[in-house]
Amino acid sequence: MAGHPGEAAAGDGAKYRERLEKHVYPRLGDRPIAEITRREMREWQQGLCDTGLSAKTIANIRGESVLPIFKAACRPGEDEEPAVRTYNPMDGLPLPEGPRVERDILESPDEARLFLEAAHEVDP
């Protein structure tokens with residue numbers, strides 16, 4: 001059920017799957033989860049940064065799509081099967097430093113009004 005802590009909202013599954021297919025599987029999809037190293041995860045993150053993704057986008061991909069998989073792999077199975085992994089290679093791994101994006105800020109209420117009027121003309 002969505003709305004409970006730790007549960008995804010309807011539609012989130014498709015978003016997470018799309019992120020995995022676009023950003024994770026091409027680099028790591030053929031690797032057994034038990035064999036993926038911390039170095040590989042650092043290089044994967046840097047590769048995402050090198051493609052121009054923002055640190056925020058990388059954090060979202062990592063936190064919503066990749067970390068839960070590794071966390072689950074570190075837990076024993078329902079019938080006490082041993083965990084697939086003994087450690088999470090993402091634990092403590094910092095995000096790569098990416099370029100800072102300058103954002104234009106509206107300086108006054110008049111600028112905000114002009115912006116909103118122009119936006120409304122384009123998309124009422």
Side-chain angles (χ1 to χ4, degrees):
M1 259 186 246
H4 291 277
E7 294 185 6
D12 283 349
K15 175 177 69 174
Y16 302 147
R17 189 171 26 264
E18 179 183 329
R19 285 179 176 168
L20 288 168
E21 289 171 355
K22 185 173 183 179
H23 301 296
V24 181
Y25 294 162
R27 177 80 183 252
L28 301 166
D30 63 341
R31 302 274 293 124
I33 195 164
E35 296 177 10
I36 295 173
T37 66
R38 186 174 178 84
R39 177 187 306 273
E40 285 177 289
M41 295 314 298
R42 185 177 58 253
E43 291 171 352
W44 166 75
Q45 286 186 153
Q46 188 60 53
L48 293 179
C49 185
D50 293 346
T51 67
L53 291 178
S54 71
K56 174 68 172 148
T57 300
I58 296 169
N60 288 343
I61 294 167
R62 171 184 149 139
E64 296 172 351
S65 301
V66 176
L67 279 173
I69 293 169
F70 282 115
K71 284 181 180 180
C74 291
R75 291 191 297 266
E78 290 181 29
D79 296 321
E80 297 306 314
E81 302 95 343
V84 174
R85 293 195 61 96
T86 57
Y87 73 97
N88 183 337
M90 301 297 289
D91 281 350
L93 186 64
L95 286 168
E97 293 283 328
R100 291 278 183 212
V101 177
E102 288 289 324
R103 299 192 179 185
D104 290 332
I105 297 175
L106 301 174
E107 302 273 337
S108 70
D110 285 336
E111 284 185 7
R113 181 183 47 76
L114 288 170
F115 174 80
L116 291 172
E117 286 173 359
H120 183 71
E121 286 178 22
V122 172
D123 187 10

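Residue indices begin at 1 and follow the sequence shown.
In terms of modelled atom types and a separation under 3.5 Å, the side chain of Glu18 and the main chain of Tyr16 share no donor-acceptor contact. Judged by distance alone, the side chain of Arg85 and the main-chain N or O of Ile33 form a donor-acceptor pair under 3.5 Å. Listed for the Trp44 side chain is a donor-acceptor partner under 3.5 Å among the backbone atoms of His23. The main-chain N or O of Glu107 is found under 3.5 Å from a side-chain atom of Glu111 such that the two form a donor-acceptor pair.
The existence of a salt bridge linking Arg113 and Glu117 is confirmed by a sub-4.0 Å separation between a basic side-chain nitrogen and an acidic carboxylate oxygen. Ion pair Arg27/Glu43 flagged as a salt bridge, since at least one NZ, NE, NH1 or NH2 atom sits closer than 4.0 Å to an Asp/Glu carboxylate oxygen.
Note: the hydrophobic cluster containing Leu114 does not contain Leu116 (ILVMFWY, side chain heavy atoms under 4.5 Å, direct or indirect links).
Counting heavy atoms from C-beta outward, Val66 and Leu28 have side chains that stay 4.5 Å or more apart. Side-chain contact between Thr37 and Met41 is absent, with no heavy atoms from C-beta onward closer than 4.5 Å.
Distance OG/Ser65 to CZ/Arg17: 10.5 Å, rounded to 0.5 Å. For the atom pair Leu20 CG and Ile61 CD1, the distance stands at 9.5 Å (nearest 0.5 Å). To the nearest 0.5 Å, atom CD of residue Gln45 and atom CD1 of residue Ile58 are 7.0 Å apart. Distance check, rounded to the nearest 0.5 Å: CG of Asp30 to OH of Tyr25 gives 12.5 Å.
Few gaps surround CD on Glu40; more than 12 heavy atoms of other groups in view lie less than 6.0 Å from it. The number of heavy-atom neighbours closer than 6.0 Å to CZ of Phe115, taken from other residues, nucleotides and ligands shown, is 12 or below.
When all heavy atoms of Cys49 and Pro96 are compared, the closest pair comes out as CB-CG, 3.9 Å. Closest approach of Asn60 and Arg19 over heavy atoms only: O-NH1, 3.4 Å. Of all non-hydrogen atoms in Pro68 and Gly63, the two that sit nearest each other are CD-O, 3.5 Å. Annotation for Leu67 and Asn88: closest pair CD2-ND2, 4.0 Å, computed over non-hydrogen atoms. The two residues Leu95 and Ala55 come nearest to each other via the heavy atoms CD1-O, 4.1 Å. Taking every heavy atom of both residues into account, Ile36 and Tyr87 meet most closely at O-OH, 4.1 Å.
Screening Arg38, Arg62, Arg42 against Met90 for a side chain to side chain contact (heavy atoms under 4.5 Å, CB included) leaves a single residue, Arg62.
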